Amino acid sequence: MTSRLVTTLTAAAIVLGAAACSSSGGGDPLAAPAGGSAPAAGGKTVVVGSANFPENVLLASIYSQALKAKGVKVEEKFNIGSREVLYGQLQSGNLTVLPEYNGALLGYLDPKATAAGTQDVNAALQQKLPAELAVLDSAAAEDKDSLTVTQETADKFQLKSISDLAAKAGEFTIGGPPEFKSRREQQFKDAYGLTFKEWKPTADTTANALKDSGIQVGNVFTTDPRIVQFKLVSLADPKNVFSSQNVTPLVNKAGVDATTTAALNAVSGKLDTAGLTALMTKVAVDKEDPAKVAKDWLKANNLG
């Protein structure tokens, strides 16, 4: 998630290591040390925060309601602001839980990071996070950059992966944010051998430009509701030009216990990109209340 999110946890005895990781690359930061027992939140209120954009508010509401369903006392502080503000509040303990995006968080902590896959990104995060913070299990759901085409274009040229663009890229115009060409042109050449006919700065209108045939390929975030609305297809990226951006709970370890951790990991276990896109369609297109959308999703997945 290159442009949007970049601009948008104290239990010292706990060791957060690879042995605590799950297959999704996160893990239980409350795993008991040898001969000890896992620390508990002691019935304290868990404060769930969010950034100031609709998807993050929706995710925070899912976290909050999932915790309440397990009897956890929760306070909600949504729409706070950007990562620069949120991170400090989490580290200080004013917030307990945040829905994060692992690749963007790693980029914030280490702008020179090169990890791309989910497990590699989370392993790098474990090295960069301060002692009081931890990531839990990552969801399959990602809100990340993609190269996207219309269903008609995908069907006509049998496009499923970015690799499949190699034979046609020279005839295609690609659109995206103004900085997209300078950031990605060489990467696409090196990884996939792609040379596009033209690069257009389409910014937030990229999905619309695809629908209107102004471009043939576009850089669209994978949970953009217009992917569903306009029947667009995001192409697979087997060479990981775009780093993982899995939805991942970021927590202040002193404020969470085993119940909280298990509830949040259960959410991650159910949330995938298609599901999150459908939820965001309800919020952004159908204008449904995020809290209601979250409640319905939790009920449907036996989590609330």
Side-chain angles (χ1 to χ4, degrees), residues 9-17 19-33 36-51 55-80 83 86-102 105 122 125-126 129-141 246-271 276 290-291 294-295 297-304:
L9 155 168
T10 257
I14 300 170
V15 178
L16 177 64
C21 296
S22 73
S23 60
S24 60
D28 184 354
L30 304 174
S37 59
K44 294 185 293 187
T45 298
V46 171
V47 184
V48 180
S50 87
E55 180 179 287
N56 209 247
V57 173
L58 170 66
L59 290 167
S61 188
I62 290 174
Y63 287 177
S64 173
Q65 293 187 58
L67 293 174
K68 290 176 182 178
K70 294 299 182 181
V72 178
K73 293 188 294 185
V74 176
E75 180 182 355
E76 297 177 347
K77 291 186 177 181
F78 297 169
N79 272 306
I80 295 175
R83 180 175 291 108
L86 289 164
Y87 187 83
Q89 292 195 26
L90 194 71
Q91 192 170 3
S92 70
N94 290 331
L95 298 174
T96 317
V97 179
L98 287 172
E100 259 290 3
Y101 303 86
N102 59 352
L105 177 60
N122 284 345
L125 275 174
Q126 290 168 6
L129 285 169
E132 60 267 29
L133 305 187
V135 288
L136 303 185
D137 288 357
S138 288
N246 302 84
V247 174
T248 305
L250 179 64
V251 302
N252 184 298
K253 293 190 289 189
V256 298
D257 61 9
T259 299
T260 299
T261 300
L264 295 172
N265 285 341
V267 169
S268 293
K270 294 285 189 177
L271 193 63
L276 182 53
K295 181 179 180 180
W297 182 84
L298 288 164
K299 183 177 180 180
N301 286 276
N302 298 315
L303 296 174

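Only a predicted model underlies this, so the values are computations on that prediction, with no experimental measurement involved.
Judged by distance alone, the side chain of D137 and the main-chain N or O of S268 form no donor-acceptor pair under 3.5 Å. A donor-acceptor pair under 3.5 Å is formed between the side chain of T261 and the backbone N or O of D257. Judged purely by atom type and a 3.5 angstrom limit, N246 uses its side chain to pair as donor or acceptor with the backbone of A139. For the pair Q65 (side chain) and A291 (backbone), a donor-acceptor distance under 3.5 Å is present. With hydrogens and angles ignored, the 3.5 Å screen pairs no side-chain donor or acceptor of N301 with any backbone N or O of L303. Side chain of S50 to backbone of N79: a donor-acceptor contact under 3.5 angstrom is found.
Under the 4.5 Å side-chain criterion, counting only non-hydrogen atoms from C-beta, L105 is in contact with R83. In this structure, W297 and V267 have side chains that are in contact, with non-hydrogen atoms separated by less than 4.5 Å. By the 4.5 Å heavy-atom criterion applied to side chains, T259 and V72 are counted as neighbours. Between N122 and S138, some side-chain heavy-atom pair lies under the 4.5 Å cut-off.
Remark: K77 NZ to T96 OG1 distance equals 9.0 Å, nearest 0.5 Å. Note that the CZ atom of F78 and the CG atom of N56 stand 9.5 Å from one another [nearest 0.5 Å]. Atom-to-atom distance recorded for K270:NZ and N302:CG is 6.5 Å, nearest 0.5 angstrom. Considering OG1 of T45 and NZ of K73, their distance stands at 4.5 Å, rounded to 0.5 Å. Rounded to the nearest 0.5 angstrom, S64 OG and L59 CG are separated by 12.5 Å. Within the model, atoms CD of E76 and CG of L67 stand 10.0 Å from one another, a figure rounded to the nearest 0.5 Å.
Considering L250, V47, N252 in turn, V47 is the only one that fulfils the side-chain contact (heavy atoms from CB on, under 4.5 Å) rule with L95.
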- side chain to side chain donor-acceptor pair (under 3.5 Å) between E100 and T248, worked out: CA-CA 5 Å; E100 259 290 3; T248 305; over 6 Å; no
- Could you please spell out the steps behind the side chain to side chain contact (heavy atoms under 4.5 Å, CB included) verdict for L276 and E55? CA-CA 9 Å; L276 182 53; E55 180 179 287; 3.9 Å; yes
- Pair V48-E75, side chain to side chain contact (heavy atoms under 4.5 Å, CB included): steps then yes or no: CA-CA 6 Å; V48 180; E75 180 182 355; over 6 Å; no
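What you find for Y63 and V247 is that their closest heavy atoms are OH-CG1, 3.6 Å. The two residues K44 and A254 come nearest to each other via the heavy atoms NZ-O, 3.3 Å. Looking at every heavy atom in both residues, A294 comes nearest to S61 through CB-OG, 3.7 Å.
Shown here is K70, whose NZ atom has no more than 12 heavy atoms of other residues, nucleotides or ligands within 6.0 Å.
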